Chemist: 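Structure below; questions to follow.
Sequential numbering from 1 along the given sequence is applied to the chain's residues. Keep in mind that this is a model prediction, so the values were computed, not measured.
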Amino acid sequence: MSSLLYDRLKLLNLQLTETFPREESYWRQKFRDLRFSEGDRNTKFFHSSSKLKRLRNRISYITDSNGNTLVDEEEIASEAVRFFKSLLTVDPVALDNEIVHSIPSLVSQEDNKMLMAPFTLAELKEIVFSMHPEKVLGLDGFTALFFPKCWEFIGGFVPGRETSEGAIVAHEILHSISQQKVPAMILKLDMLKAYDRVNWQSLGILHRLGFSRFWVKWVFSCISSARFSVLVNGSPSGFFASSRGFRQADPLSPFLFILLAEALSRAISNATSSSLW
């Protein structure tokens, strides 16, 4: 074997060695099963599981708003884009003045100063390192493991937060009512597609609550910067902006939703005190 051919073979083997882990990582991300620890082999099981998942999630037909059955992929995609565009866009609606004026100013200048303060690298690091390593954060496909591994270079840019406190508080309230044995009424509201229905105009109550106008502007920039495409059988269709709704899995969304739900709570309280309920 000539020296040139040997060097070529050595280079190809090196490239093959580098390609195998990339291919395995690609299939692991498509499979997305957290039962398997890092280092499992790229076997037929991963391939067949990925294909089965793709087949199971495939949309073969839908029924449109007029009751027509659509089987053509282009027609399905067009109807899906129409549906989600109508769901996520709405004409501006002014807030009810009675509700607005019932909301007190609760955020102090000290609170606003803290909110406007720059976040620290230590806070970001704590959040990033607490995430599950196999979770995929976005369309780029990077798992959460990428950020701790490359923290030395990127410094961390993806904060997140757990929001399970609401269920704990509700449980404690129910327990307290049961123990005290006092007359009480629990109102459970089933909010259909609650995140999708939030009108951005309702963010005006954040000013009423006392939040700094700069902070409210930052919040609005975060929620209004998104552009949407609808993924139908692996192919994106449409590209449109929204005028209402909060993004799922955005750590900011639950907190904003709770703040905006304060307006509903105040409206119920006013109706109760006025003997309308």
Chemist: Indicate yes or no for a side-chain donor-acceptor contact from S273 to the backbone of S269 under 3.5 Å, with no hydrogens or angles considered.
Modeler: yes
Chemist: Taking it one step at a time, do F240 and V81 satisfy side chain to side chain contact (heavy atoms under 4.5 Å, CB included)?
Modeler: CA-CA 9 Å; F240 58 91; V81 171; 4.3 Å; yes
Chemist: What distance do H171 atom NE2 and H175 atom NE2 have between them, rounded to the nearest 0.5 Å?
Modeler: 7.5 Å
Chemist: Do L206 and L115 belong together in a cluster built from hydrophobic side chains that touch within less than 4.5 Å?
Modeler: yes
Chemist: Using modelled atom types only, decide if a donor and an acceptor are shared between the side chain of E262 and the backbone of L259 within a distance under 3.5 Å.
Modeler: no
Chemist: Can you measure from OG (S237) to CZ (F84) and round to the nearest 0.5 angstrom?
Modeler: 11.5 Å
Chemist: Quick one, C222 and L252 - any side-chain contact, counting heavy atoms below 4.5 Å?
Modeler: yes
Chemist: Any side-chain heavy atom of W218 within less than 4.5 Å of one from M116?
Modeler: yes
Chemist: Counting only heavy atoms from other residues, nucleotides and ligands, does the tally under 6.0 Å from CZ of R82 exceed 12?
Modeler: yes
Chemist: Do L256 and V198 make a side-chain contact, defined as non-hydrogen atoms from C-beta onward lying under 4.5 Å apart?
Modeler: no
Chemist: Determine, using the 4.5 Å side-chain heavy-atom cutoff (strictly less than), whether V219 and L106 are members of one ILVMFWY cluster.
Modeler: yes
Chemist: If every non-hydrogen atom of A184 is compared with every non-hydrogen atom of I177, which pair is closest and at what distance?
Modeler: CB-CG2, 3.7 Å
Chemist: Do K217 and R213 have side chains that get closer than 4.5 Å, going by heavy atoms?
Modeler: no
Chemist: Could you tell me if S108 and D111 have a donor-acceptor pair between their side chains, going purely by distance under 3.5 Å?
Modeler: yes
Chemist: Begin from the C-alpha positions of L5 and D7 and carry the test side chain to side chain contact (heavy atoms under 4.5 Å, CB included) through to its verdict.
Modeler: CA-CA 5 Å; L5 185 59; D7 290 340; over 6 Å; no
Chemist: Are the side chains of N13 and L11 in contact, using a 4.5 Å heavy-atom criterion?
Modeler: no
Chemist: Is it true that a side-chain atom of W200 and a backbone atom of G245 form a donor plus acceptor pair closer than 3.5 Å?
Modeler: yes
Chemist: Using 0.5 Å steps for rounding, measure from the CD atom of E73 to the OG atom of S60.
Modeler: 10.0 Å
Chemist: In Å and rounded to the nearest 0.5 Å, what is the CZ to OG distance from F83 to S78?
Modeler: 14.0 Å
Chemist: Testing the basics here: between V232 and A80, what is the closest heavy-atom pair and its distance to 0.1 Å?
Modeler: CG2-CB, 4.1 Å
Chemist: For residues S176 and E172, is any side-chain donor paired with an opposing acceptor at under 3.5 Å?
Modeler: no
Chemist: Taking the side chain as C-beta and beyond, is there a heavy-atom pair between R266 and P104 under 4.5 Å?
Modeler: yes
Chemist: Hey, are the side chains of F246 and L260 touching, using non-hydrogen atoms and a 4.5 Å cut-off?
Modeler: yes
Chemist: Please answer whether the main-chain N or O of I59 pairs with a side-chain N or O of N233 as donor and acceptor at a distance below 3.5 Å.
Modeler: yes
Chemist: Closest heavy-atom contact between T89 and S243?
Modeler: CA-OG, 3.1 Å
Chemist: Please answer whether the main-chain N or O of G210 pairs with a side-chain N or O of N112 as donor and acceptor at a distance below 3.5 Å.
Modeler: yes
Chemist: Kindly check if the number of other-residue, nucleotide or ligand heavy atoms within 6.0 Å of CD (Q109) is above 12?
Modeler: no
Chemist: Do any N or O atoms from the side chain of T272 and from the backbone of I268 form a donor-acceptor pair under 3.5 angstrom?
Modeler: yes
Chemist: Please name the pair of heavy atoms, one in R244 and one in S86, separated by the smallest distance, quoted to 0.1 Å.
Modeler: NH2-O, 3.7 Å
Chemist: Under the side chain to side chain contact (heavy atoms under 4.5 Å, CB included) rule, what do E18 and L14 come out as? Steps first, then yes or no, please.
Modeler: CA-CA 6 Å; E18 293 176 348; L14 179 61; 4.2 Å; yes
Chemist: Taking atom CZ of F214 as the centre, does the number of heavy atoms from other residues, nucleotides or ligands within less than 6.0 Å exceed 12?
Modeler: no
Chemist: How about CG on L12, more than 12 heavy atoms from neighbouring residues, nucleotides or ligands closer than 6.0 Å, or not?
Modeler: yes
Chemist: Does E110 come within less than 4.0 Å of K113, counting only side-chain N to carboxylate O?
Modeler: no
Chemist: Is there a chain of hydrophobic side chains (I, L, V, M, F, W, Y, each step under 4.5 Å between heavy atoms) that links L209 to I258?
Modeler: no
Chemist: Has S229 got a side-chain atom pairing as donor or acceptor with G238's backbone, closer than 3.5 angstrom?
Modeler: yes
Chemist: Kindly compute the distance separating CE (M114) from CH2 (W215), expressed to the nearest 0.5 Å.
Modeler: 10.0 Å
Chemist: Does R208 reach the main-chain N or O of I103 with its side chain, forming a donor-acceptor pair under 3.5 Å?
Modeler: yes
Chemist: Determine yes or no for a side-chain-to-main-chain donor-acceptor pair under 3.5 angstrom, with N199 supplying the side chain and S202 the backbone.
Modeler: no
Chemist: Taking all non-hydrogen atoms of both residues, which atom of L70 and which atom of E79 are closest, and how far apart?
Modeler: CD1-CB, 3.8 Å
